[in-house]
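What follows is a set of notes on a single structure, which appears directly below.
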Amino acid sequence: MYKVLDVCRYIINYSNEKDYGISNLKLQKLLYFVQAYFLCFSPQKQPCFEEKIEAWEFGPVVPEAYHEYKQYGSGDIPKVDSYLLFDPDNIWEVKRIQYNDKIINEDDKKKIQIVVDEFSDFSATDLVTLTHNQFPWKNAYKPYENNIISDEVIRRYFNGE
């Protein structure tokens, strides 16, 4: 299982490489579908990333990922060559880290690529509409609450249970 920001960096770079374009809103929906794909089709039926998905007004969101990329607004997120790593215990300790795509193994990259390729022609708004019509978001969403969409609910929905 990966950290969601590592998965984000891979999705962003892959999307840029393929010239798909990737906004923060679209990234959030792709994270939801990547998580669903891993929960249903990976050999151990394990999540791709450990952070929780919440039901926000515009669909499923991983808060840590949203906050990392919100600076881009509705524009496309550029390729990630490096990023800043902050020490939560020492505000003066900041490191620039070179992106390393070896963090995600090759089999998992292929799974992520399947999802990103599948939704490449969908706009962020299309993906909002799609997720708003799916049980996991519809069941969890309550205005101003940011309720968690559990892995189990996602797994059961996408397995047709």
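Just so we're clear, the structure is a prediction, and the values are computed from it rather than from any experiment.
Between Asp151 atom CG and Gln46 atom CD the span is 9.0 Å, to the nearest 0.5 Å. In this structure, NZ on Lys3 lies 5.5 Å from CD on Glu51, to the nearest 0.5 angstrom. Expressed to the nearest 0.5 Å, how far CG of Leu127 lies from CG of Leu30 amounts to 6.0 Å. Within the model, atoms CE of Met1 and SG of Cys48 stand 9.5 Å from one another, a figure rounded to the nearest 0.5 Å. The distance from the CD atom of Gln98 to the OH atom of Tyr83 is 9.5 Å, given to the nearest 0.5 Å.
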Kindly list each side-chain donor-acceptor pair under 3.5 angstrom involving residues 56-69, sequence neighbours excluded, with atom names and distances?
residue: Trp56; atom: NE1; partner: Glu54; partner atom: OE1; Å: 2.9
residue: His67; atom: ND1; partner: Lys70; partner atom: NZ; Å: 3.2

Which atom pairs, donor and acceptor, lie under 3.5 Å between side-chain atoms of residues 72-80 and protein residues at least two apart or in another chain?
residue: Asp76; atom: OD1; partner: Ile22; partner atom: N; Å: 3.3
residue: Lys79; atom: NZ; partner: Asp81; partner atom: OD1; Å: 3.2

Considering only distance and modelled atom types, tabulate donor-acceptor pairs under 3.5 Å from the side chains of residues 4-12, sequence neighbours left out.
residue: Asp6; atom: OD1; partner: Arg9; partner atom: NH1; Å: 3.0
residue: Tyr10; atom: OH; partner: Gln113; partner atom: NE2; Å: 2.5

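Partners of Tyr14 under the ring-ring contact (aromatic ring centres under 6.0 Å, His included) rule, at least two apart in sequence or in another chain, do not exist in this structure. Under the rule for a side chain to side chain contact (heavy atoms under 4.5 Å, CB included), the partners of Phe135 that lie at least two apart in sequence or sit in another chain are Asn139, Val153, Tyr157. With sequence neighbours left out, the ring-ring contact (aromatic ring centres under 6.0 Å, His included) criterion links Phe49 to no other residue. With sequence neighbours excluded, the residues that form a side chain to side chain contact (heavy atoms under 4.5 Å, CB included) with Ser120 are Tyr20. A search for ring-ring contact (aromatic ring centres under 6.0 Å, His included) contacts involving Tyr99 returns nothing, not counting sequence neighbours. For Phe158, the side chain to side chain contact (heavy atoms under 4.5 Å, CB included) criterion is met by Tyr32, Phe33, Ala36, Cys40, Gln134, Ile154, not counting sequence neighbours. Asp19 is linked by a side chain to side chain contact (heavy atoms under 4.5 Å, CB included) to nothing, counting only residues two or more places apart in sequence or in another chain.
The hydrophobic clustering, which links ILVMFWY residues whose side-chain heavy atoms are closer than 4.5 Å, places Leu130 and Val128 apart.
Test Ile148, Leu31, Ile149 against Ile53 for side chain to side chain contact (heavy atoms under 4.5 Å, CB included) and you get one pass: Ile149.
Nearest heavy atoms, Phe38 versus Asp108: CE2-OD1, 3.5 Å. Of all heavy-atom pairs between Trp137 and His132, the closest is CZ2-NE2, 3.4 Å.
Judged by the 6.0 Å distance and 45° axis criteria, Lys111 is not positioned over the aromatic ring of Phe41.
In this structure, the side chain of Arg155 engages the main chain of Lys45 through a donor-acceptor pair within 3.5 Å. A donor-acceptor pair is defined here as one N or O able to donate and one able to accept, closer than 3.5 Å; such a pair exists between the side chain of Asn105 and the backbone of Asp107. Side-chain N or O atoms of Asn147 include none that pairs as donor or acceptor with a backbone N or O of Tyr141 at under 3.5 Å.
For residues 92-101, the set of pairs meeting the salt bridge (Lys or Arg N to Asp or Glu O under 4.0 Å) definition, not counting sequence neighbours, comprises Asp101-Lys109. Pairs of residues two or more places apart, or lying in two chains, never qualify as salt bridge (Lys or Arg N to Asp or Glu O under 4.0 Å) while including a residue from residues 117-126.
Annotation: side chain of Ser15 is in contact with side chain of Val116 (closest heavy-atom distance under 4.5 Å).
In this model, a donor atom of one side chain and an acceptor atom of the other lie less than 3.5 Å apart for Asn24 and Gln28.
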